[in-house]
Amino acid sequence: MKIATWNINGVKARLDNLRQWLTDSQPDIVCLQEIKSVDEGFPRLEIEALGYHVETHGQKGFNGVALLSKIRPDEILRGLPGDDGDEQSRYIEGVFSVPRGAIRVASIYLPNGNPPEDPVKYPYKLSWMERLRQHARNCLLLEEPLILAGDYNVIPEPHDCFDPAVWATDALFLPETRAAFRRLENLGLVDAVRATTDATKLYSFWDYQAGAWQKNNGIRIDHLLLAPEAADRLKATAIEKHVRAWEKPSDHVPVVGLFDFN
DNA sequence: ATGGTTGTTTTACAA
């Protein structure tokens, strides 16, 4: 079973790319971020025509997440628990039946947090990460395959970016950000890409500006974090970076995990 | 070299 995460930076602007990629890559479950659309604006019919079930948690103009799946989910949770006042659409979770039980898959768009000196943005990022940790801790009690996939807006380690000095004061790489990400991992969650390769210069995002793609000036911020029950089933991962060279690309590329749940 | 780009029912802001 192929499970992917992709920040598409606007589903309407990226519809041709999304259709091409779904047709080529044939993922079973796709976690999308930054659909930048309300639920009614999502190109549902076009995606359903390719054989996918569509669940969205949209928002006008910004943010917005979705789950596309070849099999229909049994349950859907919209919004990250822990703050009823949070208006931002950054979390959707689905439960899917597999031969030996059920898997739980979340699409996560973790707050960017920049600029870090902003009185609201960076504290919001850190509190959102703590809410995610609390929710993940509860999910782990179920002892089922859990896959938390998305744009974490976190560069976990210096070798996950082209030039650590450039990112030293950025909300994606500040020590407090990385520590919060480690607290999440320390629950027992495994970074799928790092579990399957020692390769360096693996990136999932290249800025549109200053020729970042051409210079391979990228960062790795899109991650699949796996509960032990999912990590035990992980066979391979891939970062589908060829998509970044397409016409009108997103600044992120799909990151996929291949699992055997049979 | 203090630049550069993309998306959004935009005309500012987020990334």
Side-chain angles (χ1 to χ4, degrees), chain A residues 5-21 31-47 56-66 80 86-91 107-129 132 149-156 160-174 176-178 180-181 203-223 239 241 243-255:
Chain A
T5 178
W6 190 15
N7 179 324
I8 51 168
N9 189 20
V11 68
K12 283 167 280 199
R14 215 69 62 210
L15 182 56
D16 287 346
N17 279 18
L18 177 57
R19 283 198 283 207
Q20 185 68 55
W21 176 70
C31 303
L32 294 178
Q33 301 88 38
E34 279 205 273
I35 63 173
K36 296 188 175 180
S37 168
V38 294
D39 295 336
E40 300 74 33
F42 193 96
R44 170 179 296 276
L45 296 177
E46 291 87 336
I47 301 306
T56 60
H57 184 39
Q59 181 178 343
K60 184 180 174 182
F62 305 104
N63 304 327
V65 287
L80 180 65
D86 187 353
E87 300 287 325
Q88 301 193 32
S89 298
R90 297 179 172 276
Y91 188 91
S107 179
I108 290 166
Y109 181 45
L110 204 144
N112 177 295
N114 280 307
E117 63 274 15
D118 185 281
V120 173
K121 292 186 175 184
Y122 194 54
Y124 175 61
K125 177 176 193 155
L126 293 176
S127 68
W128 206 95
M129 292 182 83
L132 179 60
D151 176 359
Y152 279 77
N153 271 313
V154 175
I155 301 166
D160 291 315
C161 62
F162 184 81
D163 183 0
V166 168
W167 294 93
T169 60
D170 192 283
L172 278 60
F173 192 57
L174 283 173
E176 209 174 344
T177 304
R178 295 173 57 202
F181 187 78
Y203 308 131
S204 64
F205 167 95
W206 295 260
D207 202 284
Y208 288 123
Q209 302 181 72
W213 166 246
Q214 288 75 10
K215 293 187 253 184
N216 196 28
N217 182 2
I219 55 178
R220 193 175 72 92
I221 56 175
D222 299 274
H223 310 297
I239 300 180
K241 66 185 285 187
V243 172
R244 187 64 177 79
W246 287 357
E247 288 290 311
K248 248 189 124 202
S250 170
D251 38 10
H252 298 249
V253 298
V255 180

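Everything quoted here is computed from the prediction, not taken from an experiment. So that the names make sense, note that chain A is the first sequence line, chain B the second, and so on, each numbered from 1.
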What is the ring orientation for A:Y203 with A:F162, classed by angle as parallel under 30°, tilted 30 to 60°, or perpendicular over 60°?
-> perpendicular

For chain A, the stretch of DNA chain B it reaches, first to last nucleotide, under 4.0 Å of its heavy atoms | B:dG4 to B:dA15

Name the nucleic acid region contacted by A:F205, choosing base, sugar-phosphate or nothing; use a 4.0 angstrom heavy-atom cut-off, strictly under.
-> nothing

Start at the 5' end of DNA chain B and walk down; is the nucleotide closest to A:D207 or to A:D251 reached first?
-> A:D207

Side chain to side chain contact (heavy atoms under 4.5 Å, CB included) evaluation trace for A:L18 with A:W6 | CA-CA 10 Å; A:L18 177 57; A:W6 190 15; 3.9 Å; yes

What interatomic distance, in whole Å, is found between C1' of B:dT10 and the corresponding atom of B:dA15?
-> 15 Å

Can you find a side-chain donor-acceptor pair between A:D86 and A:Y91 that sits under 3.5 Å?
-> no

Gap in Å between the two C1' atoms, one belonging to B:dG4 and one to B:dT9, rounded = 27 Å

Could you tell me how the ring of A:F181 sits relative to the ring of A:H223: parallel (under 30°), tilted (30 to 60°) or perpendicular (over 60°)?
-> tilted

Can A:S89 and A:N63 be counted as having a side-chain donor-acceptor contact under 3.5 angstrom?
-> no

Ranking A:R90 and A:G41 by the position along DNA chain B of their nearest nucleotide, the one closer to 5' is A:G41

C1' atom, B:dT11 versus B:dG7: distance in rounded Å?
-> 14 Å

pair A:W128-A:I108: side-chain heavy atoms closer than 4.5 Å | yes

Same-atom distance (P) from B:dT8 to B:dG3, integer angstrom | 26 Å

